[in-house]
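Have a look at the structure below before the remarks.
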Amino acid sequence: MSALNLYDTKTRSIAPFKSLKPKQVGIYLCGATVQAPPHIGHIRSGVNFDILRRWLIATGYEVTFVRNVTDIDDKILHKAVHEEIPWWAVAMKYERAFTDAYNALNVLPPTYEPRATGHITQMINLMQILIDNGSAYAPGNGDVYLEVRKLKEYLTLSNQKLDDLQTAEDADLTYKKDPRDFALWKAAKAGDPSWPTPWGDGRPGWHLECSAMAHAYLGEAFDIHGGGLDLIFPHHENEIAQSQAAGYKFANTWMHNAWVTTSGEKMSKSLGNSLQVQEILKKVRGIELRWYLGSAHYRSMLEFSFDALAESATAFRRVEAFLARAKSVLGAEPQPVIAAEFAAAMNDDLAVPQALAFIAESMRIGNTSADDKKVIAKTAGEVRGALSILGCDPFDPVFAASKSNDAAMDGLIKLALEQREAARLRKDFAAADAIRDQIASLGVIVEDTPNGPRWSY
RNA sequence: GGUCGGAUGGCCGAGAGGCGAGGCUCGGGACUGCAAAUCCCGCUACACGGGUUCAAAUCCCGUUCCGACCUCCA
């Protein structure tokens, strides 16, 4: 089997992936800042990295997957005031919404999911190191800044020059030595939550939590750090700056997923609620939304439209029907296997589109096999194996749970099919088709074969 | 101003010097019940202008258009 190659944002190239420790991988994924319900862009990131994780596991790695929750930031505090509930209630509410969305899309729960506010101690420790070695300074007002000009390397991920950065026009240099210095810690304002530190009461800046938590759970050096494209600068640059200034090697490989776009533009929260995961799930099932979000290459923009979503769901149902048919022919669920072609696609920087072409080819072979059990077992096994990596295995209990398997259900379906057969015998095809369409709308697929009707769901 | 990424057929979406990924839609056919499912065939592409090459969607030069980031966005 070919070896995994991944694109590294830092080198802007694809290179063989080599874990720091044999057969073990540590991944830190920037998760949600829980300030609003998740939209499909947020969840695409979750799906993309879940596919990576599943692939690493399938190829024999033990994966420690850390995805943080940033549960304090300006917007959360604003929302708390606006909604007249405590900031922590705002954070928890949206954290739950994210968890629900991840679950609905079969995103595996992280090995650990640390919250920023649970790691103030680690942040203070990190700041102490940075102040002690002269990388950071506390001007006395309660803020703590990282002095970016002192860094040996800065902006290597986004390939920018410090002097080329546009600085904020309203940069306040009362306390900052340089407008580009960024806040590790923010002094407490009246009414805002705060934690005591040696430099005064305050709360974390945006970037500090990820450095502190990645270090806490993955150590000074780890394999992969991921997130959305827009985090490259400033968030990830600043994580690198803080961590390396503290003497940590930090992440080996940087991976960034592209956006879901609408009309060519990055989705913005001003678009309203229609692209929230919860809303989309009123139109398609979680497994269909996952198939759609995972179907484009993770580094390509995914141009969202409801038509494209519906089309993708149609395509997925065909795959699902193929597997259901296979189960019916085999008398058991096909056993998932990883085909060499699929592995080759995944090893090529997670080339899901190629993997989908392979799935289509396997289905074609299976569908032309005239129910040859050997061929069906092979092709359906390969298709199921591929789907399991994509997180879209219809037999996965996560998705199958909603289906009833009890005797009453079987009996009712048989009754309906008997009625339909009776209608067919008297050439009342309108009635027969009506029955088929009705039970199809309940998720039961009926197909006529030379040996009589076959149903699956 | 700096950095980065795009433009592919009716639609989605790969590829990155030669043999047209794949899916959805559409048209024709097989099978069937003038059905469903399935299969087969077909249709329409590489933003524009030059260049390199036996050969360019792919490389080079130029142009146009679009998007993203530039200090609390996945």
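Residue numbering restarts at 1 for every chain, and letters A, B, ... go by the order of the sequence lines.
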Answer with base, sugar-phosphate or nothing: what part of the nucleic acid does A:Asp163 contact at a heavy-atom distance below 4.0 Å? nothing
Please list, pair by pair, any protein nitrogen or oxygen found under 3.5 Å from a nitrogen or oxygen in nucleotides 7-11 of chain B.
residue : atom : partner  : partner atom : Å
B:rC11  : O2   : A:Glu311 : OE1          : 3.3

Nucleotide paired to B:rC11 in any strand shown, Watson-Crick or G-U, under 3.5 Å: B:rG23
Using whole Å, what does the distance between atom P of nucleotide B:rU25 and atom CZ of A:Arg317 come to? 11 Å
In A:Ile72, A:Ile76, A:Asp201, the residue satisfying side-chain contact (heavy atoms from CB on, under 4.5 Å) with A:Pro193 is A:Ile72
If the threshold is 4.0 Å, N to carboxylate O, is there a salt bridge linking A:Arg180 and A:Asp178? yes
Do you see a donor-acceptor pair shorter than 3.5 Å between the side chains of A:Asp143 and A:Tyr137? no
Donor/acceptor link under 3.5 angstrom from A:Arg436 side chain onto base of B:rA35: yes
Are A:Glu418 and A:Lys414 close enough for a salt bridge, meaning some N to O gap below 4.0 Å? no
For B:rG22, take OP1 and OP2 only and decide whether either is under 4.0 Å from a side-chain N or O of A:Arg318. no
Which heavy atom of A:Leu126 sits nearest to which heavy atom of A:Gln242, and what is that distance? CD1-O, 4.4 Å
When you compare B:rC48 with B:rC11, how far apart are their C1' atoms, in angstrom units rounded to a whole number? 24 Å
A:Ile439 CD1 to B:rA36 P: how many Å, rounded? 16 Å
Exercise: do A:Tyr94 and A:Asp71 side chains pair donor with acceptor under 3.5 Å: no
Write down the distance separating the C1' atoms in B:rC65 and B:rA74, rounded off to the nearest Å. 27 Å
Does some side-chain heavy atom of A:Met92 sit less than 4.5 Å from a side-chain heavy atom of A:Arg115? yes
Six-ring centre of A:Phe304, A:Arg44 cation under 6.0 angstrom, axis tolerance 45°: no
When only distance counts, do a donor and an acceptor, one from the side chain of A:Asn159 and one from the base of B:rU3, lie under 3.5 Å apart? no
Any heavy-atom pair between the side chains of A:Arg454 and A:Asp371 that's under 4.5 Å? yes
Lys/Arg cation over aromatic A:Phe395: A:Arg384, 6.0 Å, 45° cone: no
Considering every strand shown, what is the Watson-Crick or G-U wobble mate of B:rC39 when both distances are under 3.5 Å? B:rG29
Does the side chain of A:Ser243 pick up a donor-acceptor pair with the side chain of A:Ser211 at under 3.5 Å? yes
Say we look at B:rA47 and B:rA35: how far apart would their P atoms be, to the nearest angstrom? 41 Å
Using heavy atoms and a sub-4.0 Å distance, could you list which residues of residues 361-377 of chain A are near RNA chain B? By number, please. A:Arg364, A:Asn367, A:Thr368
B:rA68 versus B:rU25 - spacing of their P atoms, nearest Å: 32 Å
Please work out which residues in residues 224-237 of chain A have a non-hydrogen atom less than 4.0 Å from an atom of RNA chain B and list them by number. A:Gly227, A:Gly228, A:Asp230, A:Leu231, A:Phe233, A:Pro234
Parallel, tilted or perpendicular, judged at 30° and 60°: which one describes the rings of A:Phe250 and A:Phe222? perpendicular
Nearest to the side chain of A:Phe182 - B:rU71, B:rA74, B:rG23? B:rU71
Testing A:Leu105, A:Asn106, A:Asn257, A:Leu390 one by one against A:Val47 for a side-chain contact (heavy atoms from CB on, under 4.5 Å), which residue passes? A:Leu105
Separation of A:Asp448 atom CG from B:rG33 atom C1', in whole Å? 9 Å
Between B:rA36 atom C1' and A:Leu417 atom CG, what is the distance in whole Å? 13 Å
Quick test of your reading of the model: are A:Asp163 and A:Arg149 salt-bridged, counting only N-O distances below 4.0 Å? yes
Span that lies between the P atom of B:rC59 and that of B:rA16, in whole angstrom: 10 Å
In whole Å, I'd like the distance from the CD atom of A:Glu288 to the P atom of B:rG23. 19 Å
Hey, which of these two, A:Ser158 or A:Leu356, hits RNA chain B nearer its 5' end, going by closest nucleotide? A:Ser158
Which nucleotide sits closest to the side chain of A:Val260: B:rU38, B:rG13, B:rA74? B:rA74
Watson-Crick or G-U wobble partner for B:rC69, using a 3.5 Å limit on both distances? B:rG2
Picking from B:rC73, B:rG23, B:rC4, the nucleotide nearest the side-chain atoms of A:Lys75 would be B:rC73
Is a side-chain N or O of A:Thr197 found less than 3.5 angstrom from the main chain of A:Trp199, in a donor-acceptor match? yes
For B:rU63 versus B:rA56, give the span between their P atoms, rounded off to a whole number of Å. 23 Å
No-H, no-angle donor-acceptor pair, A:Arg180 side chain to B:rG2 base, under 3.5 Å: no
Scan residues 87-106 of chain A against RNA chain B and write down, sorted by residue number, each residue with any heavy atom closer than 4.0 Å; if none is found, say none. none
Partner residues of A:Phe342 under the ring-ring contact (aromatic ring centres under 6.0 Å, His included) criterion, sequence neighbours left out: A:Trp55
Just by distance, with hydrogens left out, do A:Tyr7 and A:His297 show a side-chain donor and acceptor under 3.5 Å apart? no
Polar-atom pairs under 3.5 Å, protein N or O versus N or O of nucleotides 14-16 of chain B: list them with distances, or write none.
residue : atom : partner  : partner atom : Å
B:rA14  : OP1  : A:His297 : N            : 2.8
B:rA14  : OP1  : A:Ser300 : OG           : 3.1
B:rA14  : O2'  : A:Gln354 : OE1          : 3.2
B:rA14  : O2'  : A:Gln354 : NE2          : 2.4

I'd like to know if A:Glu320 pairs up with A:Arg317 as an ion pair, taking the criterion as any Lys NZ or Arg NE/NH1/NH2 lying under 4.0 Å from an Asp or Glu carboxylate oxygen. no
Check every strand shown and say whether A:Leu155 touches a base, only sugar-phosphate, or nothing at a heavy-atom separation below 4.0 Å. nothing
If you measure from the P atom in B:rU58 to the same atom in B:rU53, how many Å do you get, rounded? 16 Å
Using 30° and 60° as the class boundaries, would you call the ring planes of A:His236 and A:His225 parallel, tilted or perpendicular? perpendicular
In this structure, how many angstroms lie between the C1' atom of B:rA35 and the NZ atom of A:Lys427, rounded? 12 Å
A:Phe306 atom CZ is separated from B:rC12 atom P, nearest whole Å, by 15 Å
Heavy atoms only, 4.0 Å cut-off, all strands: where does A:Arg424 land among base, sugar-phosphate and nothing? base
Between A:Asp164 and A:Ala360, the residue closer to the 5' end of RNA chain B by nearest nucleotide is A:Asp164
Using atom CZ of A:Arg454 as one end and atom C1' of B:rU32 as the other, report the distance to the nearest whole Å. 15 Å
If you measure from the P atom in B:rA37 to the same atom in B:rC24, how many Å do you get, rounded? 11 Å
Do the side-chain N or O atoms of A:Thr33 get closer than 4.0 angstrom to the phosphate oxygens (OP1, OP2) of B:rA74? yes
A:Tyr154 near the nucleic acid: base, sugar-phosphate alone, or nothing, with a heavy-atom cut-off under 4.0 Å? base
